[in-house]
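I have placed the structure first, in the form of structure tokens, so that the comments after it can refer back to it.
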Amino acid sequence: LPGMAVRSFLDCFDPEDQDRIKAHFAKSSDDAPVMALNADMLDADQNRVKVEVFHAQFRNLYNERRFLIGVREIQDVEQVAPLLEEGPLVTRDENLVVVF
């Protein structure tokens, strides 16, 4: 698209996190399980968005190192609605909570 700059994946993150993320990816290995780290991404207005970055390293057909990356936003626990108290809409059992 016109006017869009090609950016590195690391450019999407807060500059304070970039070196830590780069080092984390560098210590990945082909036989390591999926790894994760928390970081701050920058949105279009340069606001920080807390995310968890999951990544797994693999080799392509030419034996070049590649990463499969997933990113999910970390929601603030304080923004989650409180649990409903027991009442006409909520029944509780020893191992089960049913909300109608």
Practice item. Go through the structure and list residues passing salt bridge (Lys or Arg N to Asp or Glu O under 4.0 Å) with R65, not counting sequence neighbours. Key: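 So R65 forms no salt bridge (Lys or Arg N to Asp or Glu O under 4.0 Å) with any residue.
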**Study point:** Partner residues of E73 under the salt bridge (Lys or Arg N to Asp or Glu O under 4.0 Å) criterion, sequence neighbours left out
**Key:**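 E73 satisfies salt bridge (Lys or Arg N to Asp or Glu O under 4.0 Å) with no other residue.
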Review point. D17 side chain to D40 main-chain N or O, any donor-acceptor pair under 3.5 Å?
Key: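 Present.
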Residues in side chain to side chain donor-acceptor pair (under 3.5 Å) contact with [X], at least two apart in sequence or another chain:
X: E52; answer: R72
X: D19; answer: none
X: E16; answer: none

Point-to-point distance, once rounded to the nearest 0.5 Å, from [atom1] of [X] to [atom2] of [Y]:
X: F67; Y: H55; atom1: CZ; atom2: NE2; result: 7.0 Å
X: H24; Y: L37; atom1: NE2; atom2: CG; result: 4.5 Å
X: N60; Y: R66; atom1: CG; atom2: CZ; result: 5.0 Å

Exercise for review: Mind checking side chain to side chain contact (heavy atoms under 4.5 Å, CB included) for Q46 and listing every partner two or more places apart, or none if nothing turns up?
Suggested key: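 Only L42 meet the side chain to side chain contact (heavy atoms under 4.5 Å, CB included) criterion with Q46.
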Practice item. Can you sort out the partners of N47 under side chain to side chain contact (heavy atoms under 4.5 Å, CB included), two or more places apart, ordered by chain and number? Key: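 Once residues adjacent in sequence are excluded, the partners of N47 under the side chain to side chain contact (heavy atoms under 4.5 Å, CB included) criterion are D43, D45.
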Check your understanding: Are M41 and I74 connected, step by step, through hydrophobic side chains (Ile, Leu, Val, Met, Phe, Trp, Tyr) whose heavy atoms are closer than 4.5 Å?
Key ->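 No; tracing contacts between hydrophobic side chains, which count when under 4.5 Å, never links both residues.
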**Study point:** Shared hydrophobic cluster for F25 and V51 (ILVMFWY, side-chain gaps under 4.5 Å)
**Key:**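 Linked, F25 and V51 end up in one cluster.
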Exercise for review: Before giving the answer on side-chain contact (heavy atoms from CB on, under 4.5 Å), spell out for L10 and I21 the whole-Å C-alpha distance, their side-chain angles and the decisive distance to 0.1 Å.
Suggested key: CA-CA 8 Å; L10 287 174; I21 293 167; 3.5 Å; yes
Review point. Step by step, would you call I69 with V53 a side-chain contact (heavy atoms from CB on, under 4.5 Å)?
Key: CA-CA 7 Å; I69 299 172; V53 181; 4.0 Å; yes
**Study point:** Transitive ILVMFWY cluster of L68, excluding itself - 4.5 Å side-chain cut-off
**Key:**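 Noted: L68 shares its cluster with F58.
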Point to revise | Those residues that, when tested against F54, pass ring-ring contact (aromatic ring centres under 6.0 Å, His included) (two or more places apart) | key: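 With sequence neighbours excluded, F54 shows a ring-ring contact (aromatic ring centres under 6.0 Å, His included) to no residue whatsoever.
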Point to revise | Sequence-distant partners of F13, ring-ring contact (aromatic ring centres under 6.0 Å, His included), two or more places apart | key: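 Partners of F13 by the ring-ring contact (aromatic ring centres under 6.0 Å, His included) criterion, ordered by chain and then number, come out as F9.
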Review point. Hey, are the side chains of R20 and Q18 touching, using non-hydrogen atoms and a 4.5 Å cut-off?
Key: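 Answer no - side chains too far apart.
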